[in-house]
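All remarks here apply to the structure that follows.
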Amino acid sequence: MEVTPGGRLFAVSDLHVAYGKNRAVVDGLRPRDPSDWLIVAGDVGELMADVERALRLLAERFARVVWVPGNHELWTHPDDPVTLRGEERYRRLVELCRSLGVSTPEDPFPLWEGPDGPVVIAPLFLLYDYSFLPPGAFGSADALARAEQAGVVATDEFLLHSDPYPDRPAWCRARLDYTRGRLDACPTDLPTVLVNHFPLVREPTRILRHPEFALWCGTTATHDWHVRYRAATVVYGHLHIPRTTWHDGVPHREVSLGYPREWEARGMPDPLLREILPRRGSR
């Protein structure tokens, strides 16, 4: 791995540029310095053209952009002329990012020169496997049945296809195996920034208004990755609850913008671009 000098390291997620107000927010995003890096932790948008426009804009402004897919990028939306499904859609997104100079979970992990030396920025694509069970559930089938009875069913069930895998848990297992291999190969003397759209631990989902929705929020298989892979911090989105929680002494930072109805009601995160691993002397 080659260390790339950089400015500050920022992160954001869940830009959801299908909404005009969110597009205006993205149009206004700029680095403090041209050497700054930006992590984009998924859910840029649903349509391939929208994702391309937003990432192109950000890649032109920031020295480096690192992206992971959210569930919305993986939807095969009926309004999208790009009708690819599952793995093929993901691979098309990777090709798009590479054409823009944006790093993906399929590329060599970039090294950011932090205040205490180099840090491995590890973008991950892991999905979920219905193992974040709501209270009282006796397994994923029971949990999904309870969620349906409660009227809580993620749109993923209709638009996020798993082809060629038989289902999303199988795709998740394949991604876990692949990603473990990549992380195991990282130098053991270097800390990491683990970036995934979904939280790596279950705890942040416990404040969800609808606890059943946790089924679509991650996998228990990653519960110790922040320790196993020497994370200096974990970056994620998906929950639309921007905050920092601490697990085993490691900050886990939810960095989403969310839908206009959400950030207009509670106020936009200030700042929207959260600084990860601040440099000495920075605020």
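- Cluster membership for Leu126 and Val227, using ILVMFWY side-chain heavy atoms within less than 4.5 angstrom, is not shared.
- Residues Tyr236 and Val255 form no side-chain contact, since every pair of their non-hydrogen atoms from C-beta on lies 4.5 Å or further apart.
- Using a 4.5 Å heavy-atom threshold, the side chains of Leu190 and Arg230 count as separate.
- At a threshold of 4.0 Å, the pair Arg173-Asp177 does not count as salt-bridged, since none of the basic side-chain nitrogens sits closer than that to a carboxylate oxygen.
- Contact check for Val26 versus Leu57: side-chain heavy atoms found under the 4.5 Å cut-off.
- Grouping the Ile, Leu, Val, Met, Phe, Trp and Tyr side chains by contacts below 4.5 angstrom, directly or via other members, places Tyr19 apart from Leu272.
- No hydrogens or angles considered: a donor-acceptor pair under 3.5 Å links the side chains of His72 and Glu46.
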Does Leu133 form a side chain to side chain contact (heavy atoms under 4.5 Å, CB included) with Leu215? I'd like the steps, not just the answer. CA-CA 6 Å; Leu133 300 178; Leu215 289 166; 4.1 Å; yes
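- Using a 3.5 Å distance cut-off with no hydrogens or angles, the side chains of Arg64 and Ser103 do pair a donor with an acceptor.
- Counted within 6.0 Å of CZ on Arg209, heavy atoms from surrounding residues, nucleotides or ligands total 12 or fewer; the atom is thus considered open.
- Note that OG of Ser35 is 12.5 Å distant from CD of Glu113, once rounded to the nearest 0.5 Å.
- A salt bridge links Asp107 to Arg98: at least one charged side-chain nitrogen sits closer than 4.0 Å to a carboxylate oxygen.
- A donor-acceptor distance shorter than 3.5 angstrom exists from the side chain of Glu254 to the backbone of Leu239, with no hydrogens or angles considered.
- The distance from atom NE2 of His252 to atom CG of Leu194, rounded to the nearest 0.5 Å, is 8.0 Å.
- Note on Asp163 versus Arg85: salt bridge recorded, some NZ/NE/NH1/NH2 to OD/OE distance being below 4.0 Å.
- Between the side chain of Arg23 and the backbone N or O of Val17, at least one donor-acceptor pair lies under 3.5 Å.
- Using a 4.5 Å heavy-atom cutoff, the side chains of Ser256 and His16 are not in contact.
- Formation of a donor-acceptor pair under 3.5 Å by the Thr192 side chain with backbone atoms of Val120 is not found in this model.
- In terms of heavy-atom proximity, Ser13 sits nearest to Gly237 at OG-CA, 3.3 Å.
- Contact annotation: the side chain of Leu74 never approaches that of His161 to less than 4.5 Å [non-hydrogen atoms, C-beta and beyond].
- Residues Leu159 and Val44 are members of one and the same hydrophobic cluster, defined by side-chain heavy-atom contacts under 4.5 angstrom among Ile, Leu, Val, Met, Phe, Trp and Tyr.
- A donor-acceptor contact shorter than 3.5 Å links the side chain of His77 to the backbone of Asp79.
- Closest heavy-atom contact between Cys186 and Phe109: SG-CD1, 3.6 Å.
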Test salt bridge (charged side-chain N to carboxylate O under 4.0 Å, His left out) on Glu87 and Arg91 and set out the steps. CA-CA 6 Å; Glu87 180 78 15; Arg91 294 295 168 178; 2.7 Å; yes
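- For the pair Glu60 and Arg56, the salt-bridge criterion is not met [side-chain N within less than 4.0 Å of a carboxylate O].
- Between the side chains of Asp80 and Trp75, no donor-acceptor pair of N or O atoms lies under 3.5 Å.
- If you chain together hydrophobic residues whose side chains sit under 4.5 Å apart, Val40 and Leu96 fall into the same group.
- Within the model, atoms CG of Leu29 and CG of Leu273 stand 5.0 Å from one another, a figure rounded to the nearest 0.5 Å.
- Within 6.0 Å of CD on Glu52 lie more than 12 heavy atoms contributed by other residues, nucleotides or ligands.
- Arg243 contributes a side-chain N or O that, together with a main-chain N or O of Pro204, makes up a donor-acceptor pair within less than 3.5 Å.
- Ion pairing of Glu106 with Arg175 is present here, as a side-chain N (NZ or NE/NH1/NH2) and a carboxylate O approach within less than 4.0 Å.
- Asp224 has a carboxylate O that lies under 4.0 Å from a charged side-chain N of Arg228, or vice versa, which qualifies the two as a salt bridge.
- Each of Leu47 and Leu84 belongs to its own hydrophobic cluster when Ile, Leu, Val, Met, Phe, Trp and Tyr are linked at side-chain heavy-atom distances under 4.5 angstrom.
- Taking the six-membered ring for Trp and the full ring otherwise, His238 and Phe213 have centroids separated by under 6.0 Å.
- No side-chain donor-acceptor contact under 3.5 Å links Glu203 and Thr205.
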Let me see the working for Thr76 and Val82 under side chain to side chain contact (heavy atoms under 4.5 Å, CB included), right down to the final yes or no. CA-CA 8 Å; Thr76 304; Val82 179; over 6 Å; no
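- Remark: aromatic rings of Phe125 and Tyr90 are close, center separation under 6.0 Å.
- Residues Asn22 and Leu15 fail the side-chain proximity criterion, which asks for heavy atoms closer than 4.5 Å.
- Interatomic distance, CG of Leu176 versus CH2 of Trp225, reported as 5.0 Å (0.5 Å rounding).
- You'll find the ring centres of His240 and Tyr259 inside the 6.0 Å limit.
- A distance of 12.0 Å separates CZ in Phe198 from CG in Leu124, rounded to the nearest 0.5 Å.
- For the pair Glu73/Asp43, a side-chain contact is recorded, criterion being any heavy-atom separation below 4.5 Å from C-beta on.
- At least one side-chain heavy atom of Ile241 sits less than 4.5 Å from a side-chain heavy atom of Ile207.
- When only modelled atom types and interatomic distance are considered, Ser162 and Asp167 share no side-chain donor-acceptor pair under 3.5 Å.
- No donor-acceptor pair closer than 3.5 Å links the side chain of Arg202 to the backbone N or O of Ser131.
- Between Val102 and Ala59, the closest heavy-atom pair is CG2-CB, 4.0 Å.
- Within a 6.0 Å sphere centred on CZ of Arg92, other residues, nucleotides and ligands contribute 12 heavy atoms or fewer.
- A cation-pi arrangement is absent between Arg168 and Tyr128 under the rule of less than 6.0 angstrom and at most 45 degrees off the ring axis.
- With Asp36 contributing its side chain and Arg8 its backbone, the two residues share a donor-acceptor pair below 3.5 Å.
- When all heavy atoms of Ala137 and Asp142 are compared, the pair lying nearest together is CA-OD2, 3.3 Å.
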From CA spacing to verdict: side chain to side chain contact (heavy atoms under 4.5 Å, CB included), Leu277, Trp112: CA-CA 10 Å; Leu277 302 181; Trp112 176 72; 3.9 Å; yes
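- Two rings, from Tyr130 and Phe132, have their centers 6.0 Å or more apart.
- Across Ile121, Val65, Ile276, a single residue satisfies side chain to side chain contact (heavy atoms under 4.5 Å, CB included) together with Trp37, and that is Ile121.
- Proximity of a side-chain donor or acceptor of Arg274 to a complementary backbone N or O of Pro242 within less than 3.5 Å is not detected.
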Stepwise side chain to side chain contact (heavy atoms under 4.5 Å, CB included) check, His223 with His247: CA-CA 10 Å; His223 73 98; His247 309 281; over 6 Å; no
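- Nearest heavy atoms, Pro211 versus Pro135: CB-CD, 4.4 Å.
- Closest approach of Val153 and Trp216 over heavy atoms only: CA-CH2, 4.0 Å.
- The CG atom of Leu58 sits 10.0 Å away from atom CG of Leu100, with the distance rounded to the nearest 0.5 Å.
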